[in-house]
Enquirer: 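Supplied in structure tokens, the structure appears directly below.
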Amino acid sequence: MADNDRKSLLVICGPTATGKTALSVRLAKSLNGEIISADSMQLYKGLNIGTAKPTNEEMNGIKHHLMDFLEPKYNFSAADYAQYADKAINNIIACGKTPFLVGGTGQYISAVTQGLSFVCSKPDEKLRNKIADMALEIGNDAMYKKLCDIDAEYAASVHPNNAHRVQRAIELYMQTGYTMSEQLVKSRPQKKPYNDIIFVLNYFDRELLYNKINTRVDIMLEQGLLIEAKEVYNNKDRFKTAAQAIGYKEIFPYFEGEQSLDECVDKLKQASRNYAKRQMTWFKRLKDTHNLYVDKQDCEKVIMDIWKEHK
RNA sequence: GGGAGAGUUCCCGAGUGGCCAAAGGGGACAGACUGUAAAUCUGCUGCUUUAUAGCUUCGAUGGUCCGAAUCCAUCCUCUCCCA
């Protein structure tokens, strides 16, 4: 049933290599849409091969937002993304077009569709480093105990080994005075911001997906992935975030002469498969999704039909 | 042909008489996720629907022993060295 108060949003997500890009371009063509990329790596300038960024030809005249727009030296976050994406969605609607939210970064998709409101103050790099140093000094267990004192409830939901989360929760409290538990409650809006419909693409036969991922890595190598990886390797400080992207860091041991190229490529393929698995876990958790199997059905037609009904 | 060594669970690899269904790692599978998310982290992995239980497993067969992945014999396979 249509919800006229809210803006319609068509979401296409799913693990890497399921064909989100090509499908969304085709759909955007027929539905007069523009695409907002939900990809934490494609948003950076350059890094075209490793992030599987679509070429102009593949975009086929469809406008892509939040893609290839940020210098790699800058950090970006889910909170930033949510803001930018909201703006983009409103612009697209204002132009009388259909907004497509397309990508594989689950956290970004959720931030937008759930309308999470993150705390106002941006993370303070210095504080973050200070906390990281503290962790180095007193150890993760001690940090976890600290978190237990601050916010026992949240601590119970975080594994002590997950230093990242423990540190972030401590950071949030030190910076804003809010505990993570409080933030979790505060950030949820009463109502979802968009009248969205979420399509999750996947392969029914996982073996097929994994093969697809493997051959895609081979294609990237043919396209010159090594050159791109070398650039990231030589400029790690400039490519802060990119240096942790799958596709570059796996090749580093080869540049260091520690491993053969074949070994690195195998590891790269494996990391990509593992990543796809994590994406599946995330998308499985989303509620009210339409799960589509690209190896079993005509997804384009199914989405068209459901979308028309939905609007 | 002679000599040396090796065969362990999906893979690598530890284990040399009982505490071994077998360390550790990898993979696979499952999961978590609120400003690093392509990141970070967790669980699980012989079978028996539950097991402080039973069964099957450490190249094969046979043996020693109360008891064998571990000792002995034979066989099979592989690697290396000499010819």
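The sequence lines fix the lettering, A, B, ..., with proteins before strands; numbering per chain opens at 1. Treat the numbers as computed from the prediction; the structure is a model and nothing was measured.
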Enquirer: With respect to the side chain of A:Q244, which nucleotide from B:U34, B:U36, B:C29 is positioned closest?
Expert: B:U36
Enquirer: Looking at B:U40, B:A38, B:A30, which one has an atom nearest to any side-chain atom of A:K277?
Expert: B:A30
Enquirer: To the nearest angstrom, how far is A:Y81 atom OH from B:U34 atom P?
Expert: 18 Å
Enquirer: Where each residue is assigned the nucleotide of RNA chain B containing its nearest heavy atom, which of A:A79 and A:R206 is assigned the position nearer the 5′ end?
Expert: A:R206
Enquirer: Could you tell me how far apart A:Y154 (OH) and B:U34 (C1') are, to the nearest whole angstrom?
Expert: 7 Å
Enquirer: Less than 4.0 Å between a side-chain N and a carboxylate O, is that true for A:R26 and A:E300?
Expert: yes
Enquirer: Select base, sugar-phosphate, or nothing to describe what A:T51 touches, counting heavy atoms under 4.0 Å on all strands.
Expert: base
Enquirer: So, does the side chain of A:R278 form a donor-acceptor pair with the base of B:A30 at under 3.5 Å?
Expert: no
Enquirer: Whole angstrom is fine here: how far is it from CD1 in A:I251 over to C1' in B:A38?
Expert: 14 Å
Enquirer: What does B:U77 pair with, Watson-Crick or G-U, if both distances are under 3.5 Å?
Expert: B:A6
Enquirer: B:U9 and B:A21: how far apart are their C1' atoms, nearest whole angstrom?
Expert: 9 Å
Enquirer: With hydrogens left out and only the distance checked, is there a donor-acceptor pair under 3.5 Å joining A:T241's side chain and the base of B:U36?
Expert: no
Enquirer: Just call it for A:G247: base, sugar-phosphate, or nothing, with non-hydrogen atoms closer than 4.0 Å on any strand.
Expert: nothing
Enquirer: Here's a test for you: under side chain to side chain donor-acceptor pair (under 3.5 Å), which of A:K212, A:R216, A:Q279 qualifies with A:T16?
Expert: A:R216
Enquirer: Is the backbone of A:G46 close enough, under 3.5 Å, to the side chain of A:D68 for a donor and an acceptor to pair up by distance?
Expert: yes
Enquirer: What integer distance in Å separates A:N214:CG from B:A28:P?
Expert: 10 Å
Enquirer: Measure from the ring center of A:Y233 to the ring center of A:F239 and say whether it is less than 6.0 Å.
Expert: no
Enquirer: Heavy atoms under 4.0 Å, any strand shown: does A:N161 hit a base, just sugar-phosphate, or nothing?
Expert: sugar-phosphate
Enquirer: For B:G18, give its Watson-Crick or G-U wobble partner with both distances under 3.5 Å, or none.
Expert: B:C66
Enquirer: In whole angstrom, give the distance that lies between atom CZ of A:F76 and atom C1' of B:A39.
Expert: 16 Å
Enquirer: Would you say A:Y108 places a side-chain N or O within less than 4.0 Å of OP1 or OP2 belonging to B:A37?
Expert: yes
Enquirer: State, without any angle test, whether A:D218 and A:T215 hold a side-chain donor-acceptor pair at a distance under 3.5 Å.
Expert: no
Enquirer: Using a cut-off of strictly less than 4.0 Å, decide whether A:R188 has a side-chain nitrogen or oxygen near OP1 or OP2 of B:U34.
Expert: no
Enquirer: When you measure from the side chain of A:S40, which nucleotide among B:U42, B:G31, B:A37 comes out closest?
Expert: B:A37
Enquirer: Using a heavy-atom cut-off of under 4.0 Å over every strand shown, decide if A:Y210 touches base, sugar-phosphate, or nothing.
Expert: sugar-phosphate
Enquirer: When the nearest nucleotide of RNA chain B is assigned to A:A78 and to A:Q279 on a heavy-atom basis, which residue is associated with the more 5' position?
Expert: A:A78
Enquirer: If we take the P atom in both B:U8 and B:C82, what is their distance in whole Å?
Expert: 27 Å
Enquirer: Tell which nucleotide pairs with B:U50, taking only Watson-Crick or G-U wobble pairs whose two distances are both under 3.5 angstrom.
Expert: none
Enquirer: Pick base, sugar-phosphate or nothing for A:N274, based on heavy-atom distances below 4.0 Å to the nucleic acid.
Expert: sugar-phosphate
Enquirer: Rounded to whole angstroms, how far apart are CG on A:D151 and P on B:U34?
Expert: 12 Å
Enquirer: If the C1' atom of B:U52 is compared with that of B:A37, how far apart are they to the nearest Å?
Expert: 43 Å
Enquirer: Could you let me know what B:C41 is paired to, Watson-Crick or G-U wobble, both distances under 3.5 Å, or none if it's on its own?
Expert: B:G31
Enquirer: Looking at A:R165, does any N or O in its side chain come under 4.0 Å of the phosphate oxygens OP1/OP2 on B:A37?
Expert: no
Enquirer: Please determine, for the side chain of A:R128, which listed nucleotide (B:A32, B:A38, B:U36) has the closest atom?
Expert: B:U36
Enquirer: So does A:K249 get a side-chain nitrogen or oxygen closer than 4.0 Å to the phosphate oxygens (OP1/OP2) of B:A39?
Expert: yes
Enquirer: Please determine whether a side-chain nitrogen or oxygen atom of A:Q270 lies at a distance below 4.0 Å from atom OP1 or OP2 of B:G27.
Expert: yes
Enquirer: Tell me the interatomic distance from A:R273, atom CZ, to B:G27, atom P, rounded to whole angstroms.
Expert: 9 Å
Enquirer: Using whole Å, report how far OH of A:Y144 lies from P of B:U42.
Expert: 13 Å
Enquirer: In terms of side-chain heavy atoms of A:F118, which of B:A39, B:U34, B:C41 is nearest?
Expert: B:U34
Enquirer: Of all the choices, B:U40, B:A38, B:A28, which nucleotide is nearest to the side chain of A:N162 once you look at every atom?
Expert: B:U40
Enquirer: Compute both the distance and the angle, then confirm whether A:K236 meets the cation-pi test with A:F252: under 6.0 Å from the six-membered ring centre, within 45 degrees of the axis.
Expert: yes
Enquirer: We want to know whether A:D205 and A:Y210 form a side-chain donor-acceptor pair, criterion being a heavy-atom distance below 3.5 angstrom.
Expert: no
Enquirer: When the P atoms of B:A23 and B:C11 are considered, how many whole Å apart are they?
Expert: 15 Å
Enquirer: On a plain distance test, is the side chain of A:R168 in donor-acceptor contact with the base of B:U36 below 3.5 Å?
Expert: no
Enquirer: With respect to the side chain of A:I246, which nucleotide from B:G31, B:A38, B:A37 is positioned closest?
Expert: B:A38
Enquirer: Examine the side chains of A:T241 and A:Y44 and answer whether a donor and an acceptor come within less than 3.5 Å of each other.
Expert: yes
